[in-house]
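The structure appears right after this line, and notes come after that.
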Amino acid sequence: MSSRVTENPMGRQRQPSQEVDPLALPLGTQVGPWQVVGFGGRGAYGSLYRVKRAGEGNAGPFALKLAIHPRDERFAREASLLSRIRSAHVPRLQAQGLWEHASGVFPYLVMEWAEGEPLYEWAARRNPSLRQMLRVLAQVARALEATHATGSVHRDVKGANVLVRPADAWVTLTDFGAGHYRGAATLTSKLLPPGTPTYRSPEAWAFLRTFLRHPTAHYPASACDDLFAFGVMAYRLLTDEYPPLTHPEEPGAEVWREGGPGPRPPSELNPQVSREVDALILRLLATAPVERFHGQAREAAEALQQAAEGARAEADAPMFRWGDAHQPRWRSPEAVRLAEERDVAAREQLTRRRAEARARTTTVSRSAVPRTLASPWRVAAAVALLGGVIAMIWASRVERSQEGARATPGMGPSDDGSVAVGDSAQNSSGKTFLPEPLGERVSPAGEPLPQEPLPGQRKPPCRPNGEVELRGGCWNRIDNARPPCEEYAYEWNEECYLPAYANRRRPAADKP
């Protein structure tokens, strides 16, 4: 997959026919070096297309978002925002450019293609459990955590902008077109920023009423606004109904007044919602912004993940009633059966694609060794990696000599069914990889991160040079690398990591 690049505006491609409509490009249309292979939908500011890079059949697919209006400045801001965010739950920006058309110049963005169904559609076609829903919501909160960490806000968090992959319930937060980041220029003169009214916070409407006639006032949306919208989305997901609208003139909006009771607990609409989850959702929907986890999406994500992992067996029961009634909180057995069949096929296809990608990665890495070693910095990296491998081998042999023979690791059960959610992801297989001499065994690419530090691996405190602490060990993330990972790298949260080793041999008595 290509890295983030900006297309050269001098290389714009003019379409030969004026009949091509920028709102609905036909298959085969080329936008810069990108060829349209499918239509993904249309939003308020742009049309989404499934594309591939022309001449590269195996690369992609990618998502190309083309502006509806010529020279839309929002696209440059969205590109700048996406380039700041590092999250496996946010599409990574691949390229941006300008497409010249007879009716004007249209900016576009190219991102990773996110497979999935919109959140509410995903839930409507299935009868998920409370535990499944909490894990999905925790992933959304992780995406918000990564967004807010860069000084950015999404400003349009809603079910339509959350995609759930049917194969494994992996979540992607999309459509940052209404987003904003610290220092970005304000592009509109309206009091309230772009967004969906159903999800607006009470304080945003209060600001509108207070500054309605102010000539320059502009509401500064914050992380608390995103968390409120997230709470509305969670309420809708769990109950099939929205909480009362927050616009002061709408019926029922009095519950949002300062000191008001807030919405009814979700459990009053759906008894499958536990009291603990009631409290989490109502905290997100608190009328006082500071009460929404202090504006910290990470706290919300951790609370949701803990609720999912600590819930009782009742949390695995279907959330909704069975029947053919066309009303909230009912699910059709036949529709759910068909969705489950499609999910099984999607899981098989995903497993097959991952296996093929790993096979290609292994083949390419072996054939590219002479070329790789030609670069000085790659030589240094290879030497460092080899040193780490030797240290691992040495530590492994010392440990085996002291404690006796161990079972050969690396062939445990697969954890493809687990859901990795930020720093709280759990690897259910429990397997660890202890390297053996290179002549005896080749390290598989893309091993999941082991539950405990590897032999010889450095333990916290980790060095402040970019090392991160994961599962009791220090790790180095490989920049711009996504699974399937290369040899001796481990997968964690859709990224690739290498273990950090001490500069000296560990004493034989110092067990890992």
Taking the six-membered ring of F62 as reference, does the cationic atom of R50 (NZ for Lys, CZ for Arg) lie under 6.0 Å from its centre and within 45° of its axis? no

How about Q139 and W170: do any of their side-chain heavy atoms sit closer than 4.5 Å? yes

Closest heavy-atom contact between P70 and S103? CG-O, 3.9 Å

Does R53 make a cation-pi contact with W34 (under 6.0 Å, within 45 degrees of the axis)? yes

Does this structure show an ion pair linking D168 with R165, if we count only N-O contacts that are shorter than 4.0 Å? yes

Using the side chain to side chain donor-acceptor pair (under 3.5 Å) rule, take T174 and T172 through it: C-alpha gap first, then chi angles, then the decisive distance, then the call. CA-CA 6 Å; T174 67; T172 305; over 6 Å; no

Using the side chain to side chain donor-acceptor pair (under 3.5 Å) rule, take T287 and W256 through it: C-alpha gap first, then chi angles, then the decisive distance, then the call. CA-CA 6 Å; T287 54; W256 301 111; over 6 Å; no

Around E258, counting heavy atoms of other residues, nucleotides and ligands shown, do more than 12 lie under 6.0 Å from its CD? no

Q305 versus E309, side-chain donor and acceptor atoms under 3.5 Å: yes

Is there a side-chain contact between P263 and L285, using heavy atoms and a 4.5 Å cut-off? yes

Within the 4.5 Å heavy-atom criterion, are L134 and R131 side-chain neighbours or not? no

Decide yes or no on salt bridge (Lys or Arg N to Asp or Glu O under 4.0 Å) for R142 and E145, but give the supporting numbers first. CA-CA 5 Å; R142 289 296 183 188; E145 175 193 352; 2.8 Å; yes

Any Lys/Arg nitrogen of R352 or E348 sitting under 4.0 Å from an Asp/Glu carboxylate oxygen of the other? no

Does either side chain, that of R42 or that of S47, offer a donor lying less than 3.5 Å from an acceptor on the other one? yes

Report yes if the side chains of V273 and M319 come closer than 4.5 Å at any heavy-atom pair, otherwise no. yes

What closest approach, in Å, do P318 and Q272 show between heavy atoms, and which atom pair accounts for it? O-NE2, 3.4 Å

Is there a side-chain contact between R331 and R321 in this structure, where contact means two heavy atoms from C-beta onward sitting under 4.5 Å apart? no

Test applied, side-chain contact (heavy atoms from CB on, under 4.5 Å); reference residue, V36; option that passes from L66, L64, L25: L25

Whether R292 engages the ring of F228 as a cation-pi pair (distance to the six-membered ring centre under 6.0 angstrom, angle to the ring normal within 45°) should be assessed. no

Check the surroundings of atom CZ in R337: do more than 12 heavy atoms from other residues, nucleotides or ligands lie under 6.0 Å from it? yes

Taking R236 first and then D240, would you say they form a salt bridge - that is, a charged N and a carboxylate O separated by under 4.0 Å? yes

Quick one, Y219 with L191, criterion side chain to side chain contact (heavy atoms under 4.5 Å, CB included). Give me CA distance, side-chain angles, the key distance, then yes/no. CA-CA 6 Å; Y219 179 70; L191 279 171; over 6 Å; no

What verdict does the side chain to side chain contact (heavy atoms under 4.5 Å, CB included) test give for F176 and T147, after you've listed the backbone C-alpha separation in whole Å, the side-chain angles of each residue and the deciding distance to 0.1 Å? CA-CA 10 Å; F176 284 74; T147 301; 3.7 Å; yes

Can the ring centroids of Y497 and Y490 be said to lie less than 6.0 angstrom from one another? no

Mark yes or no: K65 above the aromatic ring of F75, with NZ or CZ under 6.0 Å from the six-membered ring centre and no more than 45 degrees from the axis. yes

Quick check: closest heavy atoms across P91 and M111, and the distance to 0.1 Å? CB-CB, 4.1 Å

Could you walk me through whether K158 and D156 satisfy the side chain to side chain contact (heavy atoms under 4.5 Å, CB included) test, starting with their C-alpha distance in whole Å, then the side-chain angles of each, then the deciding distance to 0.1 Å, before giving a yes or no? CA-CA 6 Å; K158 58 184 179 182; D156 199 18; 3.6 Å; yes

Quick one: do E73 and R77 make a salt bridge, cutoff under 4.0 Å? no

For a 4.5 angstrom cut-off between non-hydrogen side-chain atoms, does M233 reach V162? yes

Might you point out which heavy atoms bring I85 and A146 nearest each other, and give the distance in Å? CG2-CB, 4.1 Å

Side chain to side chain contact (heavy atoms under 4.5 Å, CB included) between D324 and W330, worked out: CA-CA 7 Å; D324 294 323; W330 286 78; over 6 Å; no

Check: L163 and E117 side chains under 4.5 Å, non-hydrogen atoms: no

Could you check if a side-chain atom of H180 sits within less than 4.5 angstrom of a side-chain atom of R155, using non-hydrogen atoms only? yes

If you count heavy atoms of other groups shown closer than 6.0 angstrom to CD of E341, is the number above 12? yes

Is there a donor in the side chain of S201 and an acceptor in the side chain of D225, or the other way round, less than 3.5 Å apart? yes

For T198 and Y242, which I'm curious about, is there any donor-acceptor pair between the side chains at under 3.5 Å? no

Nearest heavy atoms of P128 and Q132, plus distance in Å: CA-OE1, 3.2 Å

Set out, in order, the CA-CA distance, both residues' side-chain angles and the distance that settles salt bridge (Lys or Arg N to Asp or Glu O under 4.0 Å) for R74 and E78, then state yes or no. CA-CA 6 Å; R74 285 175 289 230; E78 183 176 357; over 6 Å; no

If the threshold is 4.0 Å, N to carboxylate O, is there a salt bridge linking R312 and E276? no

Pairing donors with acceptors under 3.5 angstrom, does anything connect the side chains of S80 and R84? yes

Salt bridge or not between E254 and R257? Use side-chain N to carboxylate O under 4.0 Å. no

On a heavy-atom basis, which atom in A253 and which in H247 lie closest, and how many Å separate them? CB-O, 3.0 Å

Got a second to check how far T239's OG1 is from E268's CD, nearest 0.5 Å? 11.5 Å

